[in-house]
Amino acid sequence: MLELTSVTKRFGGLSAVNGISVGFERGTINAIIGPNGAGKTTFFNLISGVMPLSEGRIVIDGRDVTGLRADQMARIGVGRTFQSTTLFDNASVLDNLIVGHRIRTRSNLLDVVFGTRRLRDEEAACRRKARDALDFVGLAHIEARLAGDISQEERKRVAFALALATDPTLLLLDEPAGGVNPEETVGLADLIRKMKRSGLTICLIEHKMDMIMNLADKILVLNYGEKIAEGTPAEVRANPVVIEAYLGSDHAHA
Amino acid sequence: QDIIKIGYSGPLSGGAALYGKSVLNGMQMAAAEINAAPVEIGGKRYKVEIVALDDKYNPSETGINLQRLVQQHQTAAVLVPHSGGVFAAQASNEKLKVLLLAYTSLPAATERGNKLTVRIPPDFTTYISPFIKAAMSKYGKNVGLAQADHDYAKAWSAAFKPAWEAAGGKVVADNPMSYNKAADFYSGVSRVIQAKPDVLFIGGASEPTALVAKQARELGFKGAFIVLDQAKLDEMAKITGGYSTLEGAVGVMPMSGDDRPDAVAFTTRYRKLNEGKDPSSEVALNYTAVHATIAAMKLAGTVSDATAIRAQMDQAFRKLPGQYNPASVEGLDAKGGAIVNAIVASVENGKLKGQLLRSNAAGQ
Amino acid sequence: MELFLQQVLNGLTLGGVYCLVALGLTLVYGILHVPNFAHGAFYMAGAYCAFFLIERLGFNYWLAMAGAAVAVALLSVLAERLVFHPLRKAPYLHHMIASIGILLFLESGVQALWGADFHRMATPYSQILSFGDVTLPAQRLLIIVAAFVLVLLLQLFLKKTITGATIVAMAQNRDGAALVGIDANRVAMMTFAIAGVLAAMAAVLYAPINLVYSSMGHLVITKAFVIIVLGGMGSVPGAIAGGLIIGFAESFGAFYISTDYKDIIAFVLLVAILSLRPEGLFRKGAY
Amino acid sequence: MLTLDKVSLSYGSFQALHGVDIHADEGELVVLLGANGAGKSSIFHAMSGLRRASGGSIRFGGRELVGRKPSQIVEDGLVHCPEGRKLFPGMSVLKNLTLGGYVHRRDSKGSQRLLDDVFALFPILHEKKDCPAGSLSGGQQQMVAIGRALMGRPKALLLDEPSLGLAPLVVRQMFEIIARINKAGTTVLLAEQNAYAALNIASRAYVIEQGRIVLEGSREELLGNEQVRKAYIGA
Amino acid sequence: MNAKIGWSALLALGLAFPFMAGNDYHLTVMSTAYIYAIATVGLNLITGYTGQFNLAHSGFMAVGAYTVGILTVDYQVPFWIAFALSGVVAAGIGFFVGLVSLRLKTHFFSIFTMCVGYIMFLLIEKWDSLTHGTGGIVGIPAPESAFGLDFSEPRTQYYLVLLFLALSMWIMHRIVNSLLGRTFVAIRNGDDLAQALGINLMRNKLLAFMLSVFFAGLAGGLYAGYVRFLGPELASVEHTFDMTMYMLIGGIGTMAGPLLGAVSMPWLTQQLQFLQDYRFVVFGPLLVALVIFLPHGIVGTWMARRKRKAAQQVSVPPVRLPAGKGVRRA
Ligand SMILES: Nc1ncnc2c1ncn2[C@@H]1O[C@H](COP(=O)(O)OP(=O)(O)OP(=O)(O)O)[C@@H](O)[C@H]1O
Ligand SMILES: Nc1ncnc2c1ncn2[C@@H]1O[C@H](COP(=O)(O)OP(=O)(O)OP(=O)(O)O)[C@@H](O)[C@H]1O
Ligand SMILES: [Mg+2]
Ligand SMILES: [Mg+2]
């Protein structure tokens with residue numbers, strides 16, 4: 001569903017992402033790995049429209065979406081989470097989530113001022129959507145807590161829920177298990193599988209190899225902005241270039 | 001013994017505080033003199049109290065202060081020393097039935113028909129032709145305008161330009177400057193000097209005006225200055241370090257240089273009370289205004305009926321004993337503006353020389 | 001040509017003063033990451049200190065300048081300790097309002113103590129130098145030279161001394177600085193002190209050709225803000241270049257375009273530049 | 001020489017460390033193992049004073065460190081080389097290193113000698129000594145960070161994930177250097193995800209999970225521990 | 001529910017105030033405070049809720065005021081028509097200013113808008129033919145009588161201003177608690193995240209900005225009809241500082257905070273009049289102390305406490321067991 005052709009991003013003289021061409025199938029989990037600074041986050045920023053491409057083309061479901069802004073990409077169905085999650089700490093978890101579905105609503109200032117039917121319906125829809133998403137990530141019981149008071153792993157889940165509330169078809173997760181302990185990581189991995197089963201296409205950046213190797217259908221390995229390998233976990237793990245650049249001998253053949 | 005309260009709403013903090021305080025000083029000096037021998041009005045004896053509120057030069061605060069002065073302090077008259085405040089006060093002073101003593105030279109303060117307003121300073125346009133005469137005859141016909149850019153200076157230059165041209169002169173440069181906002185006048189002054197004027201028209205607050213004159217000299221200007229009346233020549237001389245820089249300047253005679261006996265007596269009194277400081281015309285005129293207001297109350301036989309007091313103001317000024325009228329206010333014109341016979345001063349050979357504006361009054 | 005040169009000199013004079021004020025502001029910005037609105041009040045306080053040292057205590061000009069520098073440095077450090085330090089984790093809106101509180105306090109304090117009068121500070125150098133048709137009062141020459149020397153000294157201090165390097169280090173990475181043993185409090189106080197000294201010296205240099213009054217800082221501080229945004233917040237070369245740009249824009253604008261509109265020129269310049277280069281002229285990316 | 005006793009640390013309402021006990025003797029190389037977010041960096045932050053411990057005590061050479069300022073702790077001889085390097089990106093490599101010796105600025109001769117040692121350790125830094133630190137590659141920046149820490153003449157050195165994001169070749173080199181520093185007499189605390197390489201040069205190690213020490217032992221014990229192999233070495 | 005009662009009580013207080021106030025002076029202070037409260041509530045939308053701190057706000061208030069002043073005095077347009085335009089003109093100019101300035105972030109935006117504010121001030125001061133320059137606009141008529149009410153009476157004026165304040169609060173309440181308000185808050189919390197959620201940053205920030213200056217313009221229109229004289233200093237940045245202070249002291253990003261601040265601070269400064277010269281010597285440190293010791297403002301501090309309490313009552317945080325893997329050391 002997602003096709004990238006020689007995607008490139010340069011910052012001044014530095015090519016953070018350099019001529020990457022890759023395709024991701026619908027309903028799969030795809031991992032992007034590589035050393036720090038390899039360009040993984042930048043790669044996500046390009047797909048999600050946060051930064052304009054320096055070169056290359058992005059096609060989603062046959063539609064050329066090169067050059068669209070982040071909000072336009074979200075409208076098309078690209079959801080994402082960030083390496084560090086920002087929530088509104090002084091509001092309840094549910095309040096944080098309601099805005100997630102805003103993108104699928106149409107009420108405007110006039111609706112607000114006149115309190116129209118449409119506004120009320122849509123607000124109810126957003127609330128419902130937020131609850132559904134929260135339910136999906138298994139946090140229905142904390143909807144009334146203040147976002148500032150919840151644990152790290154719960155924050156990650158709320159971030160997933162926020163992305164899910166936008167009704168995405170493609171979900172980009174940047175280090176979803178970063179800062180989460182091994183036990184909870186397993187829970188998050190299950191959650192990601194559940195998303196896949198519900199029909200989502202998922203791309204994730206992760207340093208936790210155990211998680212990746214068990215989860216991913218396909219792995220893309222970046223180093224210095226270049227694609228150095230691509231394939232199934234088994235293929236990647238056996239790839240000497242990857243071992244050399246990233247995995248080291250420790251993770252090979254685990 | 002009852003108390004007559006006269007209100008003041010003007011700047012007491014911020015950039016214009018100095019000005020506001022001189023005004024207030026004059027008012028308080030008058031009040032103190034009156035209280036030395038309490039006045040009798042309608043059979044009652046009164047003392048005078050000045051109630052001062054700060055409005056930071058902000059018209060909407062003047063509006064609030066006016067209400068407060070009238071309703072909390074029952075002031076019969078309120079003095080406001082800035083045009084914005086005057087205009088804001090005029091929105092309600094008639095309804096509040098309070099006499100508005102407007103210390104602003106803008107003719108608009110009285111021209112719009114407010115029935116309870118008295119304009120304390122004289123109409124500045126009376127200065128224009130004697131100033132022009134003095135400067136043009138000796139120095140030449142080309143004038144460069146380098147006055148300040150606030151409302152009063154603008155009104156001045158708007159009246160001055162046609163008068164200068166009518167007298168056969170030419171305006172070679174017209175370059176108003178922000179006297180109170182600019183960090184430096186050098187470029188602005190050099191722009192005017194470049195047009196080779198014989199006379200520079202300058203003026204705003206005294207101190208920056210003095211800087212403009214000084215910098216003009218530094219840049220090689222040798223001609224005369226016409227100084228609009230807001231700037232006081234004596235205060236300017238303090239900044240320029242004497243009158244020599246101001247050679248050829250024409251302006252209004254400062255109080256300290258006014259040699260009429262009433263003025264001299266007032267200046268002496270004031271110096272004694274204020275550590276040797278010279279009074280400015282703000283001090284003198286507002287001092288006079290308070291005395292005149294009390295005198296008008298006496299004439300009207302009421303301390304509260306603003307309409308009746310206003311009706312007696314002209315008489316009050318006319319009949320004011322000389323010692324209370326150091327600025328020589330002769331009365332009010334039809335619209336309520338003060339008529340003053342001022343002295344035109346010019347700097348010649350490093351000294352101030354005066355000449356009465358209307359010499360027919362010289363016999364005073 | 002002479003007139004052109006005259007404007008160049010005027011621009012240098014103004015630019016020199018602006019540079020000194022803006023440099024203090026930009027150094028403090030490096031530490032606080034917040035624009036300090038009270039800086040203009042420090043400038044004013046410097047002029048007042050020197051004025052009263054000269055008038056009341058009979059100091060000579062240079063001694064008075066030194067005295068003012070010390071006094072304002074103390075004032076500035078005090079503000080850091082009592083106000084900005086407790087606020088260091090607050091959002092920048094809070095700093096702004098607090099610094100306005102300091103500004104109100106200093107201005108009205110000066111007024112309550114010494115009255116609202118304009119004062120005039122005498123210069124020991126009242127000669128007027130002429131080069132052909134170009135006039136240059138000695139005090140203006142002094143401003144240009146002194147500003148140049150001070151800027152140079154500051155650059156040398158920041159670049160060549162280890163103490164100076166700590167200021168830069170703090171601005172570049174606060175945690176990193178703490179980890180090599182730099183005492184953040186000390187550096188913050190030192191930076192405020194230097195900013196105070198620069199502001200006081202700028203004021204004392206400039207006062208003899210202008211006036212001393214309680215709101216004299218407003219003008220300069222507004223310009224200094226424009227300058228550091230123009231030059232890139234926290235950038236020392238940016239502050240210098242920005243100061244000169246605004247100085248020249250004002251002198252040439254006042255001369256060739258309109259004195260009445262010269263203030264608009266500076267602001268329009270900023271608006272135009274920021275529209276094209278949001279991060280200022282000298283700031284590369286974000287760090 | 002370094003003892004942590006029931007140290008706790010919170011970030012706002014989130015408690016990252018729950019009563020951590022750690023000690024290191026003079027000349028030891030102690031490794032902290034733990035997953036992402038286990039609390040390794042938090043322990044270091046508490047020790048170096050970047051974050052104030054909310055409970056417990058940290059003693060170093062007989063002195064209580066909780067409540068001391070980071071700058072004082074550096075003067076005491078405990079130097080922290082942080083995760084993410086925290087260099088001064090706009091300053092030259094030389095300046096970065098010089099500032100590393102900030103607390104010994106009165107002894108410029110000693111610092112000069114040490115600087116030569118650092119350049120001997122990392123010859124590439126000598127070549128690049130006038131480049132802004134921000135322009136160096138990740139591995140070179142890591143060398144600057146370690147060099148800078150060494151300039152502080154540490155009695156004990158805290159190294160937080162020095163191999164992070166480095167190419168394997170550089171990683172091996174890095175561990176060799178760390179071993180060498182340790183051999184020269186500096187006590188080293190090393191936080192690593194790269195468990196195998198770290199354990200290889202360690203004297204002892206701790207395993208941290210969720211802000212708690214769950215395991216402690218000598219190199220051999222831990223290398224031999226089935227769970228550790230599974231969780232952190234993966235083979 | 002609680003909130004509804006609170007707001008109704010406030011409104012009732014506002015309605016009863018003229019009967020409790022001893023004289024028109026109190027009404028004048030209150031009416032002026034209400035006018036600034038309307039502008040402050042507007043500023044709170046862009047600064048408090050959307051996180052973009054606009055320093056040109058008083059410039060926009062002046063735009064609204066001058067719209068009324070110029071139209072009524074120079075073009076004899078009836079007050080009510082001019083008044084209706086005041087907010088619209090401010091929002092219109094806000095559109096263009098926002099388009100350029102909203103590309104900048106944090107204090108770059110602030111200082112940019114400070115400069116825009118200065119330019120507005122200078123333009124008002126210099127553009128004599130349109131604005132009457134430094135002389136100001138004199139003789140603005142009081143609002144024409146309508147429904148048999150004479151709006152030159154202090155009491156009716158008070159109710160007029162109160163009506164608009166109540167309307168503003170009501171509309172603001174609707175906006176803030178709607179999806180639109182949530183959108184703004186999302187932008188404040190992190191514009192990257194907001195954008196990833198499909199929020200068009202520019203369009204929403206621009207909308208918030210225009211709404212915010214619309215309120216400023218409206219407040220300006222009321223000001224013109226109330227003070228009936230306008231000078232350029234109305235646009236000076238000090239007034240924006242004042243409004244920011246009101247907002248911060250009451251509680252930024254809350255509904256009641258800016259209102260409380262804007263209504264109470266003028267009373268405080270009035271009370272400090274007796275200090276004369278020393279007014280700001282006292283006021284300055286007071287401001288600093290408030291900012292240091294009550295960083296969330298009065299309302300903000302109170303609300304945060306209440307919310308946390310409420311949240312804790314709803315659900316008890318799950319207890320976590322220690323992981324307990326491996327051999328616990330001896
Ligand atoms: N906005 C930017 N401007 C300049 N350079 C940038 C920018 N964003 C990223 N870079 C550079 O691009 C490179 C790739 O960065 P990126 O954040 O994509 O790495 P990453 O693979 O996500 O690393 P990590 O695992 O540490 O998150 C780095 O060298 C980084 O410094
Ligand atoms: N500044 C902070 N604010 C809030 N939480 C934080 C902060 N820093 C760390 N944490 C949290 O504290 C916990 C421990 O973090 P710490 O950085 O100490 O882990 P770590 O073991 O060093 O992990 P890593 O291997 O990723 O470096 C994590 O859950 C992390 O999310
Ligand atoms: Mg990344
Ligand atoms: Mg860490």
Side-chain angles (χ1 to χ4, degrees), chain B residues 9 12-17 20-21 24 51-74 82-92 94-96 104 106-109 111-114 148-155 158 176 178 180-181, chain E residues 21-33 35-36 61 65 118 121-122 125-126 128 132-142 150 152-154 157 223-234 236 238-239 242 266-267 269-270 272-281 283:
Chain B
S9 171
L12 291 174
S13 62
K21 281 186 180 159
L24 187 57
V51 185
L53 294 179
D54 180 14
D55 64 17
K56 296 179 273 179
Y57 225 95
N58 178 346
S60 70
E61 301 234 358
T62 314
I64 293 175
N65 285 345
L66 183 72
Q67 299 268 359
R68 182 170 181 180
L69 288 166
V70 173
Q71 293 179 331
Q72 276 195 345
H73 299 282
Q74 277 85 40
H82 52 112
S83 56
V86 167
F87 295 135
Q90 284 180 337
S92 60
E94 287 175 321
K95 190 159 277 168
L96 290 167
T104 166
L106 283 189
E111 271 165 7
R112 301 188 48 261
N114 189 288
D149 67 347
H150 59 292
D151 50 352
Y152 185 48
K154 268 187 187 158
S178 267
N180 50 359
K181 283 203 293 284
Chain E
N23 53 36
D24 290 350
Y25 154 62
H26 291 135
L27 283 187
T28 311
V29 176
M30 213 43 152
S31 309
T32 319
I35 291 174
Y36 273 98
M61 188 167 164
Y118 257 101
F121 168 78
L122 289 169
E125 196 186 79
K126 309 281 177 203
D128 280 8
H132 301 224
T134 46
I137 298 185
V138 184
I140 299 167
D150 172 11
S152 59
E153 275 298 312
Q157 282 218 327
Y223 179 96
Y226 193 80
V227 177
R228 294 166 58 189
F229 165 80
L230 296 175
E233 65 279 347
L234 182 60
S236 78
E238 275 89 43
H239 291 301
D242 285 345
W267 285 104
T269 51
Q270 282 292 315
L272 292 178
Q273 272 273 10
F274 77 94
L275 290 166
Q276 300 237 348
D277 291 14
Y278 296 94
R279 185 143 69 125
F280 290 96
V281 180
F283 189 72

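Every chain is numbered from 1, with letters handed out A, B, ... down the list of sequences.
Between chain E and the residues B:Ala88, B:Gly84, B:Gly63, the largest count of heavy-atom pairs under 4.5 Å involves B:Gly84. Annotation: maximal heavy-atom pairing with chain B below 4.5 Å, among E:Val138, E:Leu234, E:Thr32, occurs at E:Val138.
Of the atoms belonging to E:Tyr223, it is side-chain heavy atoms, and not backbone ones, that fall under 4.5 Å from chain B. No part of E:Glu238 comes within reach of chain B, as not one of its non-hydrogen atoms sits under 4.5 angstrom from that chain. Only the side chain of B:Asn65 comes within contact range of chain E, judged by heavy atoms closer than 4.5 Å. For E:His132, no part sits under 4.5 Å from any heavy atom of chain B, backbone or side chain. For B:Arg68, the parts sitting under 4.5 Å from any heavy atom of chain E are the backbone and the side chain alike.
E:Glu125 CD to B:His150 NE2: the interatomic distance, rounded to the nearest 0.5 Å, is 10.5 Å. Taking CD of E:Gln270 as the reference point, atom CD1 of B:Ile64 lies at 5.5 Å (rounded to 0.5 Å).
The minimum heavy-atom distance linking E:Arg228 with B:Ala91 is given by the pair NH1-O, 3.5 Å.
The closest donor-acceptor contact from the side chain of B:Gln71 to the backbone of E:Tyr25 lies under 3.5 Å.
A 4.5 Å side-chain heavy-atom check between E:Lys126 and B:Ser178 finds at least one atom pair inside the cut-off.
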